[in-house]
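Presented below is the structure to which this report refers.
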Amino acid sequence: MEESILYAKKYLEDLLSFFGLNTDVYATCSDEEVIELHIPSTHLNGFLIGQRGETLRAIQFMVGNALKNNGHEISRVSVDVAEYKKARADRVAKQAEDWVRGVKASGKPMELNPMNAADRRVIHKQAGESGLLTESIGEGYDRHIILKPSEE
């Protein structure tokens with residue numbers, strides 16, 4: 001496991017140096033399934049995150065594939081830049097509160113716009129804690145959630 005973490009850290013640092021960014025990447029593995037790589041805040045935050053986190057997901061994909069192709073035991077990776085993912089999850093959770101209140105008030109299901117898997121996980125968690133039912137439908141970029149009142 002330690003070897004996988006070191007490989008992922010070095011791979012990401014080498015990738016960043018290609019863009020002229022020489023910085024230390026902080027690597028952890030809290031649940032022994034996902035390697036978490038944290039890039040500190042720099043002048044390239046916007047570039048590394050990309051529009052709606054697309055570049056960040058691409059970097060994550062590259063690091064994960066490098067681990068997999070080199071036979072490492074752990075190949076799931078989460079890359080974050082300047083705590084972007086945490087801030088995004090907080091914003092999505094706040095928006096989810098409004099949606100949950102709307103569904104509870106109306107008693108009718110609400111179909112949300114398509115969103116990425118990380119955002120859907122936040123919505124499922126928030127809705128579940130509030131007593132609503134959720135369903136993910138669609139494929140790929142069209143996958144979205146339907147919030148439903150509980151059937152009590």
If you take all heavy atoms of [X] and [Y], which pair is closest and at what distance?
{"X": "Q126", "Y": "A96", "value": "CG-CB, 3.7 Å"}
{"X": "K108", "Y": "V103", "value": "O-CG1, 3.6 Å"}
{"X": "S130", "Y": "K104", "value": "O-NZ, 2.8 Å"}
{"X": "N45", "Y": "P40", "value": "OD1-O, 4.1 Å"}
{"X": "A127", "Y": "L147", "value": "CB-CD2, 3.7 Å"}
{"X": "P149", "Y": "P109", "value": "CD-N, 4.0 Å"}

Atom pair [atom1]/[atom2] of [X] and [Y] - distance to nearest 0.5 Å:
{"X": "D24", "Y": "Y26", "atom1": "CG", "atom2": "OH", "answer": "5.5 Å"}
{"X": "E129", "Y": "E97", "atom1": "CD", "atom2": "CD", "answer": "10.0 Å"}
{"X": "C29", "Y": "I35", "atom1": "SG", "atom2": "CD1", "answer": "5.5 Å"}
{"X": "N69", "Y": "L67", "atom1": "CG", "atom2": "CG", "answer": "9.0 Å"}
{"X": "H72", "Y": "I5", "atom1": "NE2", "atom2": "CD1", "answer": "11.5 Å"}
{"X": "R91", "Y": "D119", "atom1": "CZ", "atom2": "CG", "answer": "9.0 Å"}

Answer yes or no: is there a side-chain heavy-atom contact under 4.5 Å between [X] and [Y]?
{"X": "D80", "Y": "L37", "answer": "no"}
{"X": "M62", "Y": "L15", "answer": "yes"}
{"X": "V79", "Y": "H38", "answer": "no"}
{"X": "I145", "Y": "H124", "answer": "yes"}
{"X": "K85", "Y": "S78", "answer": "yes"}

Inset, instruction - Go through the steps for N22 and L16 under the test side chain to side chain contact (heavy atoms under 4.5 Å, CB included), then give the verdict. - result: CA-CA 7 Å; N22 295 317; L16 294 174; over 6 Å; no
Inset, instruction - Would you indicate whether E83, at its atom CD, is surrounded by more than 12 heavy atoms from other residues, nucleotides or ligands within a distance under 6.0 Å? - result: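 It does not: E83 CD has 12 such atoms or fewer within range.
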Inset, instruction - May I ask you to list the residues sharing a hydrophobic cluster with I137, side-chain cutoff 4.5 Å, ordered by chain and number? - result: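 Joined to I137, directly or through intermediates: I146.
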Inset, instruction - Output yes when a side-chain donor or acceptor of R143 lies under 3.5 Å from a complementary backbone atom of G138, and no otherwise. - result: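 Checking the backbone N and O of G138 against the side chain of R143, a donor-acceptor pair under 3.5 Å is found.
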Inset, instruction - Check whether any side-chain N or O of K9 sits under 3.5 Å from a backbone N or O of V25 as a donor-acceptor pair, and report yes or no. - result: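 Looks like yes, one N/O pair under 3.5 Å.
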Inset, instruction - State which residues pass side-chain contact (heavy atoms from CB on, under 4.5 Å) with V122; sequence neighbours excluded, sorted by chain then number. - result: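 Only A89, V92, A93 meet the side-chain contact (heavy atoms from CB on, under 4.5 Å) criterion with V122.
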Can you give me every donor-acceptor pair (side chain of residues 47-59, partner residue at least two apart or in another chain, under 3.5 Å) with its distance?
{"unit_1": "E54", "atom_1": "OE2", "unit_2": "R57", "atom_2": "NH2", "d": "2.9"}
{"unit_1": "R57", "atom_1": "NH2", "unit_2": "R52", "atom_2": "O", "d": "2.9"}

Are [Y] and [X] connected into the same hydrophobic cluster when the rule is that any two of I, L, V, M, F, W, Y join if their side-chain heavy atoms are below 4.5 Å apart?
{"X": "M115", "Y": "Y84", "answer": "no"}
{"X": "L112", "Y": "L133", "answer": "no"}
{"X": "F61", "Y": "F19", "answer": "no"}
{"X": "L132", "Y": "W99", "answer": "yes"}

Legend entry - Note: K94-D90 ion pair, threshold 4.0 Å (strictly below):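 Here K94 does not pair with D90 in a salt bridge, since their nearest N and O are not under 4.0 Å apart.
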Legend entry - Side-chain donor-acceptor pair present, T134, K148, cut-off under 3.5 Å: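 Not at all, the side chains of T134 and K148 share no donor-acceptor pair under 3.5 Å.
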